[in-house]
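Take a look at the structure set out below.
Numbers restart at 1 for each chain; the letters A, B, ... are given by sequence-line order, proteins then strands.
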Amino acid sequence: MKESIKIDSVFLNFREHKVLRGISFEFYKNKVTGILGRNGCGKSCFLKIITGQLKPASKHLSYQGKLLDNLYKESGLINYLPQHEFHPKSIQVSKLIQLYGLELQGFITQYPFLEKNINLKFSDLSGGEKRILEVLLVMEADTKFTILDEPFSHIMPVHVQLVKDRIQALSAKKGILITDHQYQNVVEISDSLFLLKDGVFKMVKEEEDLRFNGYIR
Amino acid sequence: MSLLTFLIFLQVGLGSLTLMFWFKVITSALAVIFYNNLKAKELFFYLNIGIGKKELSSFLLLMDFISWFIGIFILIKLCGT
């Protein structure tokens, strides 16, 4: 049986506004699963629900048949890259790498452009440097699944390509769930793709489906 | 808040200890809530390295209380209150 995380019967309302209407969704280890959707469609809410930061009206979340309140409850199961900067400002870059359980020299050898920043505090990095470091730390850490919310935002094109290449390589050992507005990049690397529209997921098999659903013109 | 309780303790003496203790309990709880809101964006960093929200709050509360108890203990020893 393929290792997977399954979530269904997700209902989320904000007053009268029904954001998520009984979502059912499953994503697999060794696969890249992409989620697309317009601003405000509920993508980030969905990610916050599975990571336990938002309580929906109802949900049913499980990993290998085991019911979970949120995915962080199972040690080493997931890590998550939120849209916003999320590391403490005063921590040194080298310390951060080690806190993620990564071997410092190996990480620097793999990403030599980080070497000049290794002794700096996180707050001393530029916006783009902070973002690429956060993306790489979360991706490279040893978890069964990684959830990436807008990993391509605020990073330069050469690093976007690097992140895409690493996501594809890392999918050999973990499951990756990704959402981003740079939809071409998500389409390119995803093994399966879904569009969140009108509170439910619609499977996307080709770019024409995105056009048909009004996501692109 | 710890400093305030120390000052009151110095002024009033041992008789204020019970009151100061509960004052410290309430203000510490409020401080943890305030800190959690202030640092809400950093929560995912701690979750990603395996530290849950409850562990984080408990650690903060414990450190706050230990430092307060040490402060009160030193005051009792120094002043012989």
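When only modelled atom types and interatomic distance are considered, A:N30 and A:K173 share no side-chain donor-acceptor pair under 3.5 Å. Judged by distance alone, the side chains of A:Q83 and A:S44 do bring a donor and an acceptor atom under 3.5 Å apart.
Taking the centre of each ring, A:F46 and A:F201 come in below the 6.0 Å mark. B:F73 and B:F69 have their aromatic ring centers separated by at least 6.0 angstrom.
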Self-check item: Check against side-chain contact (heavy atoms from CB on, under 4.5 Å), A:E85 and A:F122
Solution: CA-CA 10 Å; A:E85 189 184 310; A:F122 186 69; 3.7 Å; yes

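For A:P88, the parts lying near chain B are the backbone and the side chain together; criterion is any non-hydrogen pair under 4.5 Å. A:H87 touches chain B through backbone and side chain together, each having a heavy atom under 4.5 Å away. Residue A:L71: no heavy atom, backbone or side chain, is found under 4.5 Å from chain B. Within the 4.5 angstrom heavy-atom criterion, only side-chain atoms of A:L96, from C-beta onward, approach chain B. Looking at A:Y80, the atoms closer than 4.5 Å to chain B (heavy atoms on both sides) sit in the backbone and in the side chain alike.
Using a 4.0 Å cut-off between a side-chain N of Lys or Arg and a carboxylate O of Asp or Glu, A:K59 and A:D69 qualify as a salt bridge. Salt-bridge check for A:K116 with A:E129: passed, with a basic side-chain N closer than 4.0 Å to an acidic carboxylate O.
A:K2 forms a cation-pi arrangement with A:Y28, by the criterion of a distance under 6.0 Å to the ring centre and an angle within 45° of the ring axis.
Taking 4.5 Å as the heavy-atom cut-off, the residues of residues 39-47 of chain B that approach chain A are B:K41, B:E42, B:L43, B:F44, B:F45, B:Y46, B:L47, ordered by number.
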